[in-house]
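Note that this is a predicted model, so its numbers are computed, not measured. In what follows, chains are A, B, ... by sequence order, proteins preceding strands, each numbered from 1.
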Amino acid sequence: MNLFEELSWRGLVHDQTAEVAETLSKEKLTAYIGFDPTAASLHVGSLLPMMALARLQRFGHSPIAIAGGGTGMIGDPSGKTKERQLLSPEQIELNLIGIKEQLSRVLDFETTTNPARIINNADWLTKISLIDFMRDIGKHFTVNSMLAKESIKRRLESDEGISFTEFTYPLLQAYDFLVLYDKHKCTLQLGGSDQWGNILAGVDLVRRLRSAKAHGLTMPLVTTSAGVKFGKTEAGAVWLDAKLTSPYRFYQFWLNTDDRDAVRYLNYFTWLTREQLAELAEALQTQPEKREAQRRLASEVTRLVHGEVALQGALQASEVLFGKELTGLSANDLLDIFNEVPSTELANAQLAERPLPLSELLVTTGVAPSKNEAKKLLQGNGICVNNVRVSEVQRAITAEDFIDRQVLVLRKGAKNYHVVKLIG
RNA sequence: GCAGGGGUGGUCGAGUGGCUAAUGGCAUCGGGCUGUAAACCCGACAGACUAACGUCUUACGCAGGUUCGAAUCCUGCCCCCUGCACCA
């Protein structure tokens with residue numbers, strides 16, 4: 001099996017240039033994917049390209065991750081309906097540091113045969129002069145063909161229009177490919193299906209200027225069957241940084257995968273073999289209530305991104321939280337388990353004088369944004385204390401409510417937990 | 001620049017003097033069923049305060065005005081769209 005076959009059966013090939021399959025079966029080559037430095041952390045959406053690079057490496061090819069410090073300063077119009085907010089070079093520099101760290105979790109930078117590399121395209125994009133760029137690169141693009149692109153068309157028809165800056169973006173990306181070809185013999189670019197046009201531009205440029213064969217391959221955009229954007233929860237985007245999305249939440253995100261998506265995601269995001277995947281698909285059919293596929297998916301991906309220790313923590317927390325009673329557990333157990341869950345400290349003195357109305361506690365812990373909201377939640381049976389549903393709006397909390405007089409577990413809805421620690 | 005159309009709550013979109021904190025869809029949040037799923041059903045959904053009856057703030061592009069009373073009428077301003085004209 002070669003890389004192309006591997007990507008194919010996993011459903012990762014959306015579009016490809018003519019000779020990709022053949023080339024990948026015969027040669028070891030160098031390939032790259034660009035990552036967007038608009039935030040200090042990547043999110044689960046980036047996991048697909050990350051895994052693609054990792055698979056590539058396992059098949060003996062050399063992966064390059066381009067952290068788009070240069071292009072990130074411009075903004076890619078693909079798939080965007082609005083002009084992008086520009087980031088400062090300092091901000092991008094900071095973001096790149098975080099991204100490098102995350103990429104290193106799935107890519108091997110140490111191996112001597114085909115080590116992964118991270119390269120910042122600001123290295124060359126910020127150096128070339130406008131005149132040189134227009135003479136050497138711009139000449140090879142006709143505005144006619146650029147205008148024909150779907151992404152550009154949409155923007156031309158939109159209210160906002162498109163700035164000259166963003167219009168230029170595909171040229172920059174094409175230029176990246178050319179530079180990587182020259183410096184690293186890079187002959188393949190991967191990307192999401194929204195990158196197809198940009199990738200082709202690079203392939204053409206390399207062919208024209210260097211008379212060399214370059215290839216492109218795109219992967220499908222990850223979709224959800226429920227029609228929600230992949231990677232979003234009530235709490236917002238799911239990040240790869242544990243500080244932004246705790247391993248517990250991360251695990252929960254994957255565990256909550258729709259039945260219809262589970263097998264597909266296993267294909268996309270894990271290293272499981274065809275046989276293993278077939279078994280899980282089977283289990284999903286015959287015993288959907290066990291959710292083996294989702295469990296495996298959540299475990300695999302959490303381990304990959306956060307490591308074994310964090311996974312165990314997430315598993316434990318999940319088990320306790322979605323079990324029935326909290327009774328029988330000590331405060332220490334709970335604190336340990338709930339390490340992952342957001343928490344607030346409460347001074348003992350605040351309970352000494354008088355019981356604290358639950359509605360107020362919900363506000364101070366941030367579980368509810370205002371007393372008003374807190375009451376609405378209570379009225380709607382949306383709040384549990386220590387996993388026991390509370391329906392009285394006037395319910396007040398005393399030190400007695402804390403397990404071992406130390407820990408109190410608040411729950412909003414089905415799966416939003418918050419721990420209150422009693423101190424002092 | 002000229003002519004026509006339009007700006008309503010997170011979003012789409014009704015409403016054209018009082019019954020309108022504003023119909024409805026979507027999104028969101030809570031509940032039920034179940035498998036921490038999907039689908040479906042119920043409830044909430046401008047905000048704050050109250051145990052509660054309820055009270056008080058803001059709100060229909062902006063600013064004024066008419067009126068007992070305006071998202072709805074008038075005046076000015078801003079922005080957007082569509083057609084026409086013009087264009088280094």
Side-chain angles (χ1 to χ4, degrees), chain A residues 81-83 154-161 164 223-238 246-266 280-299 301-302 314-326 337-338 340-341 354-364 366-385 387-397 409-418:
Chain A
T81 50
K82 285 184 172 182
E83 181 81 11
R154 249 202 314 274
R155 288 287 293 274
L156 285 176
E157 286 160 11
S158 79
D159 301 357
E160 297 223 7
F164 183 72
T223 56
T224 64
S225 297
V228 189
K229 193 164 187 264
F230 173 75
K232 272 206 68 188
T233 64
E234 315 89 73
V238 179
S246 75
Y248 161 74
R249 281 196 186 286
F250 188 82
Y251 176 87
Q252 285 290 325
F253 165 76
W254 293 101
L255 186 65
N256 281 314
T257 300
D258 195 307
D259 285 12
R260 293 169 290 180
D261 298 323
V263 173
R264 194 157 46 94
Y265 290 179
L266 280 163
L280 287 169
E282 170 73 17
L284 193 65
Q285 282 291 317
T286 53
Q287 298 173 301
E289 71 283 358
K290 286 198 168 175
R291 292 181 302 150
E292 270 181 50
Q294 282 95 333
R295 283 176 206 284
R296 192 63 191 272
L297 173 67
S299 300
V301 183
T302 306
L315 279 170
Q316 258 193 38
S318 299
E319 214 166 287
V320 173
L321 290 171
F322 293 98
K324 334 87 236 168
E325 304 281 322
L326 293 183
I337 291 161
F338 284 102
E340 302 281 341
V341 172
R354 62 181 180 107
L356 182 68
L358 181 54
S359 54
E360 278 180 37
L361 183 63
L362 291 171
V363 177
T364 52
V367 174
S370 71
K371 282 197 199 175
N372 228 324
E373 284 292 324
K375 281 172 190 161
K376 277 182 191 164
L377 282 167
L378 283 163
Q379 274 161 2
N381 278 331
I383 298 295
C384 288
V385 173
N387 266 7
V388 179
R389 177 140 287 153
V390 174
S391 42
E392 319 100 83
V393 179
Q394 327 85 288
R395 172 67 191 276
I397 296 297
V409 179
L410 294 174
R411 193 179 105 201
K412 182 189 98 172
K415 21 192 144 168
N416 294 298
Y417 284 88
H418 194 101

Could you measure between the two [atom1] atoms, the one in [N] and the one in [M], and give it in whole Å?
| N | M | atom1 | result |
| --- | --- | --- | --- |
| B:rA48 | B:rG10 | P | 14 Å |
| B:rC33 | B:rA37 | P | 12 Å |
| B:rC29 | B:rU34 | P | 22 Å |
| B:rG7 | B:rA88 | C1' | 33 Å |
| B:rG18 | B:rC73 | C1' | 14 Å |
| B:rU16 | B:rA71 | P | 14 Å |
| B:rG25 | B:rC80 | C1' | 24 Å |
| B:rG9 | B:rC45 | C1' | 10 Å |

Exercise for the section: Calculate, to the nearest 0.5 Å, the distance between atoms OG1 and NZ belonging to A:T364 and A:K371 respectively. Expected result: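 It comes to 10.5 Å.
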
Practice task
For A:Q379 and for A:A414, find the nucleotide of RNA chain B with the closest heavy atom, then tell me which residue's nucleotide is more 5'.
Solution key: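 That would be A:A414.
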
Practice task
Please tell me which of A:N372 and A:E289 maps to the more 5' nucleotide of RNA chain B, matching each residue to the nucleotide holding its nearest heavy atom.
Solution key: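 Its nucleotide being nearer the 5' end, the pick is A:E289.
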
Hunt down the Watson-Crick or G-U wobble partner of [N], both distances under 3.5 Å, from any strand shown, or write none.
| N | result |
| --- | --- |
| B:rC62 | B:rG76 |
| B:rG30 | B:rC42 |
| B:rC84 | B:rG1 |
| B:rC53 | none |
| B:rU67 | none |
| B:rA14 | none |

Problem - Steps toward salt bridge (charged side-chain N to carboxylate O under 4.0 Å, His left out) verdict (A:R295, A:E289) - result: CA-CA 11 Å; A:R295 283 176 206 284; A:E289 71 283 358; over 6 Å; no

Within less than 4.0 Å of OP1 or OP2 of [N], is there a side-chain N or O belonging to [X]?
| X | N | result |
| --- | --- | --- |
| A:K376 | B:rG30 | no |
| A:K375 | B:rA51 | yes |
| A:R389 | B:rG30 | no |
| A:N416 | B:rG30 | yes |

Between [X] ([atom1]) and [N] ([atom2]), how many Å, whole number?
| X | N | atom1 | atom2 | result |
| --- | --- | --- | --- | --- |
| A:D258 | B:rG35 | CG | C1' | 12 Å |
| A:N381 | B:rC29 | CG | P | 18 Å |
| A:Y265 | B:rA38 | OH | C1' | 13 Å |
| A:L362 | B:rC29 | CG | P | 17 Å |
| A:R411 | B:rG31 | CZ | P | 7 Å |
| A:E292 | B:rU36 | CD | P | 15 Å |
| A:Y417 | B:rG30 | OH | C1' | 15 Å |
| A:R295 | B:rU36 | CZ | C1' | 9 Å |

So which nucleotide from [options] ends up closest to the side chain of [X]?
| X | options | value |
| --- | --- | --- |
| A:E373 | B:rA52, B:rG47, B:rG35 | B:rG47 |
| A:S370 | B:rA48, B:rA37, B:rU36 | B:rA48 |
| A:Q394 | B:rG47, B:rA38, B:rA51 | B:rA51 |
| A:Q294 | B:rU36, B:rC49, B:rG35 | B:rG35 |
| A:K412 | B:rA37, B:rU36, B:rC29 | B:rC29 |
| A:V393 | B:rC49, B:rU36, B:rA52 | B:rA52 |
| A:L377 | B:rU36, B:rG47, B:rC29 | B:rC29 |

[Y] side chain reached by [X] side chain, heavy atoms, under 4.5 Å:
| X | Y | result |
| --- | --- | --- |
| A:V393 | A:Q379 | yes |
| A:R411 | A:I383 | no |
| A:Q252 | A:S318 | yes |
| A:L378 | A:E392 | no |

Exercise for the section: Answer with base, sugar-phosphate or nothing: what part of the nucleic acid does A:Q252 contact at a heavy-atom distance below 4.0 Å? Expected result: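 Touches a base.
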
Practice task
Would you indicate what A:N256 reaches in the nucleic acid, counting non-hydrogen atoms under 4.0 angstrom: base, sugar-phosphate, or nothing?
Solution key: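 Base contact.
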
Problem - A:D258 and A:Q294: side chain donor to acceptor below 3.5 Å - result: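 Side-chain D/A pair, A:D258 to A:Q294: absent.
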
Problem - Smallest separation among heavy atoms of A:A314 and A:P247, with atom names - result: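 So the minimum-distance heavy-atom pair works out to CB-O, 3.8 Å.
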
